[in-house]
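Note that the coordinates shown come from a computational prediction; the quantities given were computed from them, not determined experimentally.
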Amino acid sequence: MILIYSHKLTNRLRYTFKTVFTDVLKTEIRFTDNIDEFERSENIKINYSTSKLNSGLFFQSSTILFETGIKEQEISLFEYEENKCFFSVSKESEFPFDPFAASFYLISRYEEYLPHIKDEHERFLASESLAFQHNFLETPLINIWINQIAKKIENLTNFQFPTRNFEFISTLDIDNAYAYQHKGFIRTLGGLVKSFKYGGLNDRLNVLFKKSKDPYDTFEYQLQIHKKYKVSPIYFFLLGDYGLNDKNIPVKNKTFQSLIKSIADYSEVGIHPSYASNKNITILTKEIKRLQNITHRNITKSRQHFLKLNLPNTYRNLIDNDIKADYTMGYAENPGFRASICSPFFFYDLDVEVETKLQIFPFTTMEASYQYYKKCTPNEASKHITELLNTVKSVNGTFVSVWHNESLCEEGIWLGWRMVYEKMLGEVRS
């Protein structure tokens with residue numbers, strides 16, 4: 001057990017130290033604001049305050065963990081042990097910066113509450129982030145800092161932290177289960193007209209008349225490849241009503257429901273809240289109930305369609321619907337670490353200054369980022385994914401990947417991308 005002293009014990013401070021020591025380092029901690037108790041204790045001790053005491057490791061505190069509310073922070077970046085850091089402190093401190101304050105700033109997504117430019121889908125852009133602007137978006141800085149803290153404690157004491165291992169989670173979004181089938185009469189007719197005008201009519205007709213398989217129906221392949229590499233993926237199904245940005249199969253379609261049930265028999269299933277649900281909790285509740293009615297299971301996992309994440313409202317709506325884990329934390333346009341961490345953590349609601357029970361699983365890479373934003377070839381994407389995977393392995397983090405059923409079809413723009421997925425799964429097991 002590690003005893004933490006500070007002159008003022010705030011919710012921000014408790015949350016940050018709990019994230020570092022309890023959630024990531026798997027170690028019990030206790031807090032005190034009593035100097036005498038701290039000095040008498042024979043436990044491993046950390047003094048997180050403005051002044052050095054007679055005992056304990058001294059991590060000098062900056063101010064953000066003792067503040068309330070949101071304001072512009074003065075951030076000046078420099079390097080420590082070849083990694084970026086900020087919130088500098090005196091030389092008396094174990095580190096020349098405050099890793100707890102810096103971790104809180106990044107993990108709470110503090111900057112996303114400040115004024116910023118949004119994209120056409122009202123999303124926070126990677127280019128607006130401190131990580132992108134200072135070239136550490138592809139570095140899990142918080143994990144590096146946490147490992148440095150653990151090493152410092154182990155070197156100066158006889159304490160040993162529990163062994164941690166690299167973990168991998170494959171996730172698949174089912175935005176559109178089938179390319180041509182099961183769309184209903186009006187959408188099928190519209191698709192035929194579109195194919196007649198722009199090409200692809202024969203392919204569509206062959207699928208509709210069951211002469212060939214629907215290209216997006218890659219589910220048998222997924223089952224085989226996951227068995228081969230002993231991977232247990234999580235599937236997120238879009239069950240929103242038809243709209244401009246929500247175009248999955250009609251929820252009442254029996255084939256679609258059978259697909260969901262069959263996948264739920266061997267994989268975890270979560271909700272993929274629709275574009276329309278992001279600002280309407282009533283719609284979100286309806287979609288979650290739809291999935292629960294189909295699977296006859298409580299639904300506790302989610303990832304937002306289009307990665308629409310508006311803090312804190314998106315997460316509050318999920319919490320109000322008993323969602324326990326969300327997998328949205330990442331950027332559409334850039335791979336990397338949106339919260340500068342590759343370990344699960346709990347959402348801290350800055351507006352009300354409370355740690356919530358919603359666990360966030362940040363993802364590192366999504367195939368659509370390479371295809372639509374980076375314009376990468378499969379080989380280029382595969383190489384970059386391997387680099388990110390090795391980065392996460394090096395800090396014993398959790399690598400979460402995002403794929404879609406259509407990207408495994410081996411047709412059109414997705415020709416060659418099965419290799420990328422299979423190589424990633426192979427690298428995970430190597």
Side-chain angles (χ1 to χ4, degrees), residues 12 16 19 62-65 67 69-89 95-148 304 306-312 314 328-343 345 347-348 350 360 362-366 368-370 372-376 380-381 384-385 387-388 391-392 394-395 397 399-400 402:
R12 290 185 179 188
T16 305
T19 300
S62 45
T63 60
I64 193 171
L65 296 190
E67 297 172 352
I70 301 155
K71 65 179 185 180
E72 290 285 350
Q73 298 287 326
E74 290 185 18
I75 295 177
S76 178
L77 277 88
F78 58 100
E79 288 200 358
Y80 172 66
E81 294 189 355
E82 299 181 352
N83 289 296
K84 300 286 174 59
C85 57
F86 53 99
F87 291 142
S88 63
V89 292
F95 294 164
F97 74 106
D98 182 345
F100 301 103
S103 294
F104 177 79
Y105 181 85
L106 294 169
I107 206 172
S108 69
R109 304 310 303 130
Y110 198 102
E111 62 188 349
E112 297 193 31
Y113 291 80
L114 298 170
H116 59 267
I117 297 171
K118 297 183 179 182
D119 71 3
E120 68 273 24
H121 301 295
E122 299 183 359
R123 299 177 299 195
F124 182 84
L125 288 161
S127 56
E128 290 286 294
S129 71
L130 188 72
F132 179 90
Q133 292 169 7
H134 292 274
N135 199 32
F136 63 87
L137 182 58
E138 295 182 12
T139 304
L141 271 185
I142 295 175
N143 293 85
I144 291 170
W145 296 337
I146 289 173
N147 289 345
Q148 288 173 336
Q304 296 291 309
F306 273 74
L307 303 179
K308 278 182 68 67
L309 178 56
N310 295 297
L311 297 176
T314 300
T328 310
M329 183 60 70
Y331 293 117
E333 72 272 30
N334 279 88
F337 307 96
R338 180 169 176 169
S340 299
I341 191 171
C342 56
S343 298
F345 61 94
F347 167 56
Y348 187 90
L350 273 172
I360 307 304
F363 70 85
T364 305
T365 188
M366 178 174 70
S369 304
Y370 296 105
Y372 299 122
Y373 294 91
K374 299 296 185 184
K375 309 297 182 185
C376 290
E380 289 169 341
H384 192 254
I385 289 171
E387 290 171 356
L388 288 171
T391 296
V392 176
S394 72
V395 295
F399 187 93
V400 180
V402 182

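- Every residue was checked against the salt bridge (charged side-chain N to carboxylate O under 4.0 Å, His left out) condition with Glu387, not counting sequence neighbours, and none meets it.
- In this structure, Leu114 and Tyr105 approach most closely via the heavy-atom pair CD1-OH, 4.2 Å.
- Side-chain contact between Phe337 and Leu106: absent, with no pair of heavy atoms (C-beta onward) separated by less than 4.5 Å.
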Could you pull out every donor-acceptor pair under 3.5 Å between side chains of residues 134-141 and any protein atom, sequence neighbours left out?
unit_1 : atom_1 : unit_2 : atom_2 : d
Glu138 : OE1    : His384 : NE2    : 3.0
Glu138 : OE2    : His384 : NE2    : 3.1

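- For the side-chain hydrogen bond (donor to acceptor under 3.5 Å, both in side chains) condition, the pairs that include at least one residue of residues 76-85, sequence neighbours left out, are Glu81-Gln148.
- The two residues Tyr113 and Ser108 have their closest heavy-atom pair at CE1-O, 3.7 Å.
- Between Trp145 and Phe97, the gap from one ring centroid to the other is short of 6.0 Å.
- Taking the side chain as every heavy atom from C-beta outward, Thr63 and Phe87 never approach each other to under 4.5 Å.
- For the pair Tyr110 (side chain) and Lys71 (backbone), a donor-acceptor distance under 3.5 Å is present.
- Between atom CZ of residue Phe104 and atom CG of residue Asp98 there is a gap of 12.0 Å, rounded to the nearest 0.5 Å.
- Considering CG of Leu77 and OG of Ser88, their distance stands at 10.5 Å, rounded to 0.5 Å.
- Looking only at side-chain heavy atoms (C-beta outward), Ile142 and Phe345 stay at 4.5 Å or farther from each other.
- Residue Arg123 comes nearest to Ala332 through the heavy atom pair NH1-CB, 3.7 Å, listed as atom of the first residue, atom of the second, then distance.
- Checked by atom type, the side-chain pair Thr16/Tyr348 shows no donor-acceptor distance below 3.5 Å.
- Considering only residues two or more places apart in sequence or on other chains, Glu112 meets the salt bridge (charged side-chain N to carboxylate O under 4.0 Å, His left out) condition with Arg109, Arg338.
- When all heavy atoms are compared, the tightest approach of Lys118 to Leu125 is C-CD1, 4.2 Å.
- With sequence neighbours left out, Glu380 forms a salt bridge (charged side-chain N to carboxylate O under 4.0 Å, His left out) with no residue at all.
- When the salt bridge (charged side-chain N to carboxylate O under 4.0 Å, His left out) test is applied to Lys375, no partner is found at least two apart in sequence or on another chain.
- A heavy-atom distance below 4.5 Å is not found between the side chains of Ser103 and Thr19.
- What you find for Glu333 and Ser127 is that their closest heavy atoms are OE2-N, 4.2 Å.
- Ser343 approaches Asn143 most closely through the heavy-atom pair OG-ND2, 2.8 Å.
- For Ser129 (side chain) and Ala126 (main-chain N/O), a donor-acceptor pair under 3.5 Å exists by modelled atom type.
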